[in-house]
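Position 1 is the first residue of the sequence, and the numbers go up from there. Please read these numbers as outputs of a predicted model, since none were measured by experiment. In what follows, every heavy atom counts, from backbone to side chain, and hydrogens, waters and symmetry copies are set aside.
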Amino acid sequence: MAIFEISIRDKDNKVLIENKALNEVTIAYRGEYLPGDYIQLKSDTKDIYIKLRLDDSLTESIVYLSDYIFCFPIPCGDDLKPYGEKAFTGIRHWGYVSLLDKKEYNNVRNLALNTFDYNDNQIIYPHVTTNVMTDNPQFFGRNVIDGIFETSNHGSWPHSSWGINKQSDAWIKVDFKETVFVDELLIYLRADFPHDNWWQKMTVTFSDGESRILSLEKTGQSQVISVKKKTNMIVLSDLMMSNEESLFPALSQMKVIGKLDN
């Protein structure tokens, strides 16, 4: 059991609306979001799996809550571009959080999905980190686990991706915090050819130190890699481009198919 409190607050930490309940709580807010507004989730229990949906236009995510308080800054301006025109806009908003039922732990699903990850998040997992620095949210690492596997173009939603900014030593990591069982890895390369290049090979590394070299094809369709092991993270590195002229390879999405190790 867990007691959840969810609230919407402004830049001065003033509570605009809040709700509190056992195991599952919803929030319905009538008002336009302003710069600096954020959603705060407070729990009396940490280190638990929850179902999270902070905007009605975004997909529910099953995430691991590693602390008692999680704050999600509501994106405004350019920060909204990876989310789509319906997200966090208008004057009516609805969301919820609920405790994940133990019976659902063995459900096979995309373990990497976290619509509500962002660069400074260190509370809910999965969480993406990368050594590629960019100010353009259309190419942030969090885009590869947002559930949008559209690969036909580049730029604003639904074509956000992780770009390497011409960085030869680029890597990206998905951290699950807890150990999970991974059956398959699905790689979606961005395929806006000929604007894009593509990676012929990449290395995937797991938390036990094992590394495997993956051979890829020039396609935006899912490329399925059998994994079948336990890990608490996945790192993609040693990205080898093809010899085509473009300098812009990118990753649109990475799905991690498996179940919780419990």
Taking the side chain from [X] and the backbone from [Y], do they hold a donor-acceptor pair closer than 3.5 Å?
X: S98; Y: E24; answer: no
X: H93; Y: G31; answer: yes
X: R142; Y: I145; answer: no
X: S66; Y: I124; answer: no
X: N165; Y: Q167; answer: no
X: S160; Y: N143; answer: no
X: D192; Y: D196; answer: no
X: H159; Y: T151; answer: no
X: Q253; Y: E150; answer: no

List the atom of [X], the atom of [Y], and the distance in Å for their closest heavy-atom pair.
X: D37; Y: E32; answer: OD2-O, 4.3 Å
X: N110; Y: I257; answer: CA-CD1, 4.0 Å
X: A2; Y: L22; answer: O-CD1, 3.4 Å
X: N197; Y: S242; answer: OD1-OG, 2.5 Å
X: P126; Y: A112; answer: CG-O, 3.2 Å

State yes or no: are the ring centers of F140 and Y118 separated by less than 6.0 Å? no
So, [X] versus [Y]: side-chain donor-acceptor pair below 3.5 Å or not?
X: T203; Y: S237; answer: no
X: H127; Y: D175; answer: no
X: D117; Y: Y125; answer: no

Which residues satisfy the side-chain contact (heavy atoms from CB on, under 4.5 Å) test with D67, sequence neighbours excluded? K46, I123
Which residues satisfy the salt bridge (charged side-chain N to carboxylate O under 4.0 Å, His left out) test with [X], sequence neighbours excluded?
X: E210; value: R212, K229
X: D101; value: K103
X: K51; value: E104
X: E244; value: K218

For I148, the other hydrophobic cluster members (4.5 Å side-chain criterion, sorted by chain and number) are W157
E18 and E5: CA distance, side-chain angles, deciding distance, side-chain contact (heavy atoms from CB on, under 4.5 Å) verdict: CA-CA 7 Å; E18 64 182 350; E5 179 182 278; 3.9 Å; yes
N/O donor to acceptor pairs below 3.5 angstrom from side-chain atoms of residues 68-92, sequence neighbours left out:
{"from": "T89", "atom 1": "OG1", "to": "E85", "atom 2": "O", "distance (Å)": "3.1"}
{"from": "T89", "atom 1": "OG1", "to": "K86", "atom 2": "O", "distance (Å)": "3.1"}

Validation row: [X], [Y] side chains within 4.5 angstrom (heavy atoms):
X: D208; Y: T231; answer: no
X: I39; Y: Y33; answer: yes
X: L34; Y: D10; answer: no
X: W94; Y: I27; answer: no
X: D146; Y: L113; answer: no
X: W199; Y: I164; answer: yes
X: M1; Y: N23; answer: yes
X: V174; Y: M254; answer: yes

Working to the nearest 0.5 angstrom, can you tell me the gap between [X] [atom1] and [Y] [atom2]?
X: L111; Y: I234; atom1: CG; atom2: CD1; answer: 8.5 Å
X: S211; Y: D238; atom1: OG; atom2: CG; answer: 8.0 Å
X: L214; Y: I225; atom1: CG; atom2: CD1; answer: 5.0 Å

Please list, one pair per line, the donor and acceptor atoms closer than 3.5 Å that link side chains of residues 182-189 to other protein atoms, with sequence neighbours excluded.
{"from": "D183", "atom 1": "OD1", "to": "K228", "atom 2": "NZ", "distance (Å)": "2.5"}
{"from": "Y188", "atom 1": "OH", "to": "K255", "atom 2": "NZ", "distance (Å)": "3.4"}

Tell me, with the steps shown, if K173 and M233 meet side-chain contact (heavy atoms from CB on, under 4.5 Å). CA-CA 7 Å; K173 173 183 176 182; M233 69 168 197; 3.5 Å; yes
Is it the case that atom CD in E178 sees more than 12 heavy atoms from other parts of the structure closer than 6.0 Å? yes
Show, in sequence, the C-alpha distance, side-chain angles and deciding distance for Q223 and E217, and conclude whether the side-chain contact (heavy atoms from CB on, under 4.5 Å) test is met. CA-CA 8 Å; Q223 303 192 53; E217 298 179 359; 3.8 Å; yes
Residues 129-139 side chain polar contacts: donor-acceptor under 3.5 Å, at least two apart:
{"from": "T130", "atom 1": "OG1", "to": "V132", "atom 2": "N", "distance (Å)": "3.2"}
{"from": "T130", "atom 1": "OG1", "to": "W162", "atom 2": "NE1", "distance (Å)": "3.2"}
{"from": "T130", "atom 1": "OG1", "to": "W171", "atom 2": "O", "distance (Å)": "2.7"}
{"from": "N131", "atom 1": "OD1", "to": "W171", "atom 2": "N", "distance (Å)": "2.8"}
{"from": "N131", "atom 1": "ND2", "to": "D169", "atom 2": "O", "distance (Å)": "3.0"}
{"from": "T134", "atom 1": "OG1", "to": "N136", "atom 2": "N", "distance (Å)": "3.1"}
{"from": "N136", "atom 1": "OD1", "to": "Q138", "atom 2": "N", "distance (Å)": "3.0"}
{"from": "N136", "atom 1": "OD1", "to": "Q138", "atom 2": "NE2", "distance (Å)": "3.0"}
{"from": "Q138", "atom 1": "OE1", "to": "S156", "atom 2": "N", "distance (Å)": "2.8"}
{"from": "Q138", "atom 1": "OE1", "to": "S156", "atom 2": "OG", "distance (Å)": "2.7"}

Applying ring pair (Phe, Tyr, Trp, His ring centres under 6.0 Å) as the test, list every pair that has at least one member in residues 207-226; sequence neighbours left out. none
Joint hydrophobic cluster, [X] plus [Y], side-chain heavy atoms closer than 4.5 Å:
X: W198; Y: I172; result: yes
X: V97; Y: L16; result: yes
X: M241; Y: V204; result: yes
X: L52; Y: I8; result: yes
X: L100; Y: F4; result: no

Which residues satisfy the side-chain hydrogen bond (donor to acceptor under 3.5 Å, both in side chains) test with S161, sequence neighbours excluded? R190
Table please: side-chain donor-acceptor pairs of residues 57-64 below 3.5 Å, with sequence neighbours left out.
{"from": "S57", "atom 1": "OG", "to": "D55", "atom 2": "OD2", "distance (Å)": "2.6"}
{"from": "E60", "atom 1": "OE1", "to": "Y96", "atom 2": "OH", "distance (Å)": "2.6"}
{"from": "S61", "atom 1": "OG", "to": "T115", "atom 2": "N", "distance (Å)": "2.9"}
{"from": "S61", "atom 1": "OG", "to": "T115", "atom 2": "OG1", "distance (Å)": "3.2"}
{"from": "Y64", "atom 1": "OH", "to": "D47", "atom 2": "OD1", "distance (Å)": "3.2"}

For K259 and V180: C-alpha separation, side-chain torsions, deciding distance, then whether side-chain contact (heavy atoms from CB on, under 4.5 Å) applies. CA-CA 6 Å; K259 60 184 181 179; V180 297; over 6 Å; no
